[in-house]
S.K.: 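Submitted below is the structure of interest, expressed as structure tokens.
Here is how names work: the chains are called A, B, and so on, in the same order as the sequence lines, proteins then strands, and each is numbered from 1. None of these values were measured; they are calculated from a predicted model.
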Number of protein chains: 2
Amino acid sequence: MPHNTTEINQRLRKSGYRVTPQRQLILDAVCQLGEHVTPESVYDHVHRTAPTLSRATVYRVLHFLTEQRILTMVHMADGRLAYELAGPEPHHHLVCRTCDSLLELPHSVLRSFRRAMDSQYDFEIDVSHVSFFGHCTDCRNSAGA
Amino acid sequence: MPHNTTEINQRLRKSGYRVTPQRQLILDAVCQLGEHVTPESVYDHVHRTAPTLSRATVYRVLHFLTEQRILTMVHMADGRLAYELAGPEPHHHLVCRTCDSLLELPHSVLRSFRRAMDSQYDFEIDVSHVSFFGHCTDCRNSAGA
DNA sequence: AGCCCTGCTGCGAAAATTCGCAACAAATAG
DNA sequence: CTATTTGTTGCGAATTTTCGCAGCAGGGCT
Ligand SMILES: [Mn+2]
Ligand SMILES: [Mn+2]
Ligand SMILES: [Zn+2]
Ligand SMILES: [Zn+2]
């Protein structure tokens with residue numbers, strides 16, 4: 001999951017924002033830490049190389065990069081937020097409430113639902129990263145026994 | 001939005017839980033305050049008649065009543081959680097990111113999506129109260145101008 | 001070089017949320 | 001009836017997240 005630093009930097013600068021060392025460190029951390037990283041794990045990671053970088057900045061930059069659509073945000077099972085690098089195509093998840101297993105879904109699974117909301121309610125749903133909760137095959141089978 | 005106290009109380013007791021004054025007060029507060037009430041507004045409300053009832057208890061009881069499916073939980077636009085009395089039928093929302101307007105959807109709008117996840121992934125989605133974010137007719141039109 | 005303007009950060013305080021634990025109270029057993 | 005167990009709460013501390021504000025720093029301008 002490498003990110004093209006120069007392309008993102010240009011995008012930010014073009015919008016009038018600045019590419020600060022803190023933003024680069026935080027973005028690097030999110031990418032290195034992988035999927036669904038929490039603010040606290042980002043803070044722990046960057047704090048090693050930049051001890052003065054504050055928690056507030058971590059939260060602010062994660063929000064900021066999400067607004068700029070460089071990161072996406074997702075609600076975890078416990079209600080907390082996690083972030084990851086926005087890929088070229090959004091994806092979503094099925095999360096089992098029993099075993100916490102996580103299935104990845106392509107964006108296309110929401111196509112017909114989004115179309116229906118658009119035609120029925122004239123409302124354009126804008127989703128980049130959603131988790132749906134429920135129960136997976138295995139847990140349904142073992143529960144039935 | 002009145003709730004049948006005796007029926008809920010029986011349900012709780014039958015499961016081995018207790019119906020405490022705190023739980024009754026908090027449930028009453030949620031019902032009186034209407035849709036999408038926040039923990040803080042519940043606390044403010046109950047605190048008037050029960051000054052010793054603590055914030056921790058408010059959070060715990062809201063979680064508890066949600067587990068028992070007496071309340072439902074929903075993520076608001078700002079990421080915070082809100083609660084409301086679980087009706088006989090779940091409902092969902094379309095929330096405009098521009099004007100914050102809120103449209104209510106019947107549970108049935110998710111039927112075909114849930115069926116698709118069940119058949120394609122053998123995963124049973126369990127949703128009681130979801131918000132989808134996007135842009136409403138009016139805001140799309142004024143943005144286009 | 002200076003001078004603005006504005007974006008951004010660090011800091012500490014505040015607010016929101018969770019946690020551990022001792023005390024309490026309702027149900028239960030004996 | 002007392003003893004025990006177990007669910008529940010209040011309290012205070014810890015943790016997480018937000019906020020306000022003063023000051024720094026980059027970029028433009030002269
Ligand atoms: Mn993901
Ligand atoms: Mn609702
Ligand atoms: Zn499972
Ligand atoms: Zn709107």
S.K.: Using only modelled atom types and a 3.5 angstrom limit, is any donor from either the side chain of A:R13 or the base of D:dG26 paired with an acceptor on the other?
M.R.: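 It does not, because no donor-acceptor pair links the side chain of A:R13 to the base of D:dG26 below 3.5 Å.
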S.K.: Between D:dG10, C:dT18, C:dA16, which one does the side chain of B:Q22 approach most closely?
M.R.: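 Of the candidates, D:dG10 comes closest.
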S.K.: How long is the line joining CZ of A:R55 and P of C:dA13, in whole Å?
M.R.: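 Computing the A:R55:CZ to C:dA13:P distance gives 15 Å.
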S.K.: Which of the following nucleotides, D:dC19, D:dT17, D:dT9, is nearest to the side chain of B:V61?
M.R.: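 Looking only at heavy atoms from C-beta outward on B:V61, the closest nucleotide is D:dT9.
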S.K.: Do B:H129 and B:H91 get their side chains close enough for a donor-acceptor pair, meaning under 3.5 Å?
M.R.: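 Their side chains do contain a donor-acceptor pair, which is all the 3.5 Å distance test asks for.
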S.K.: Mind calculating the distance between CG (A:L12) and P (D:dG26) to the nearest angstrom?
M.R.: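 After rounding, the reported distance stands at 16 Å.
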S.K.: Given the side-chain rings of A:Y59 and A:Y43, with only the six-membered ring counted for Trp, is the space between their centroids under 6.0 Å?
M.R.: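 Ring centres of A:Y43 and A:Y59 not closer than 6.0 Å.
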S.K.: Has B:T20 got a side-chain N or O lying under 4.0 Å from the OP1 or OP2 atom of D:dT9?
M.R.: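 It does, given that an N or O in the side chain of B:T20 lies less than 4.0 Å from OP1 or OP2 of D:dT9.
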S.K.: Measure CZ/B:R80 against P/D:dT18 and give the value in whole Å, please.
M.R.: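 Between P of D:dT18 and CZ of B:R80: 7 Å.
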S.K.: Give the rounded distance in Å between these two atoms: OH of B:Y43 and P of D:dG10.
M.R.: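 Between P of D:dG10 and OH of B:Y43: 10 Å.
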S.K.: Tell me whether the rings of B:H107 and B:H92 are parallel (<30°), tilted (30 to 60°) or perpendicular (>60°).
M.R.: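 Rings of B:H107 and B:H92: tilted, 30 to 60°.
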S.K.: Using a 4.0 Å heavy-atom cut-off, does A:R23 contact any base of the nucleic acid, only the sugar-phosphate backbone, or nothing at all?
M.R.: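 Since only primed, P, OP1 and OP2 atoms lie under 4.0 Å of A:R23, the category is sugar-phosphate.
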S.K.: Out of C:dT18, C:dA16, D:dC21, which has the shortest distance to the side chain of A:R60?
M.R.: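 The nucleotide sitting nearest to the side chain is D:dC21.
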S.K.: Select from B:A56 and B:G16 the residue whose nearest nucleotide in DNA chain D is closer to the 5' end of that strand.
M.R.: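 Taking each residue's closest nucleotide, the earlier one in sequence belongs to B:G16.
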S.K.: What is the ring orientation for B:H36 with B:H93, classed by angle as parallel under 30°, tilted 30 to 60°, or perpendicular over 60°?
M.R.: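 The rings of B:H36 and B:H93 stand perpendicular, inter-plane angle above 60°.
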S.K.: Between the base of C:dT6 and the side chain of A:R18, is there a donor and acceptor pair under 3.5 angstrom?
M.R.: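 Indeed, a donor on one side and an acceptor on the other fall under 3.5 Å apart.
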S.K.: If you take the centroid of each ring, where Trp contributes its six-membered ring, are A:F132 and B:F113 closer together than 6.0 Å?
M.R.: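 Under 6.0 Å, so yes.
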S.K.: To the side chain of A:T52, which of C:dA16, C:dG10, D:dT17 is closest?
M.R.: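 Of all the options, the side chain of A:T52 is nearest to C:dG10.
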S.K.: Choosing from C:dT17, C:dT9, D:dC11, which nucleotide comes nearest the side chain of A:T57?
M.R.: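 Looking only at side-chain atoms, A:T57 lies closest to C:dT9.
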S.K.: Could you give the CD-to-P distance, from B:Q68 to D:dG7, as a whole number of Å?
M.R.: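 Result: 13 Å.
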S.K.: Without decimals, in angstroms, what is the distance between A:Y59 OH and D:dG20 P?
M.R.: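 After rounding, the gap between these two atoms is 17 Å.
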S.K.: From CZ of A:F64 over to C1' of D:dT18, roughly how many Å is that when rounded to an integer?
M.R.: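 Those two atoms, CZ and C1', are 18 Å apart.
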S.K.: Within this structure, what is the CD-to-C1' distance between B:Q24 and D:dT9, rounded to whole angstrom?
M.R.: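 Computing the B:Q24:CD to D:dT9:C1' distance gives 15 Å.
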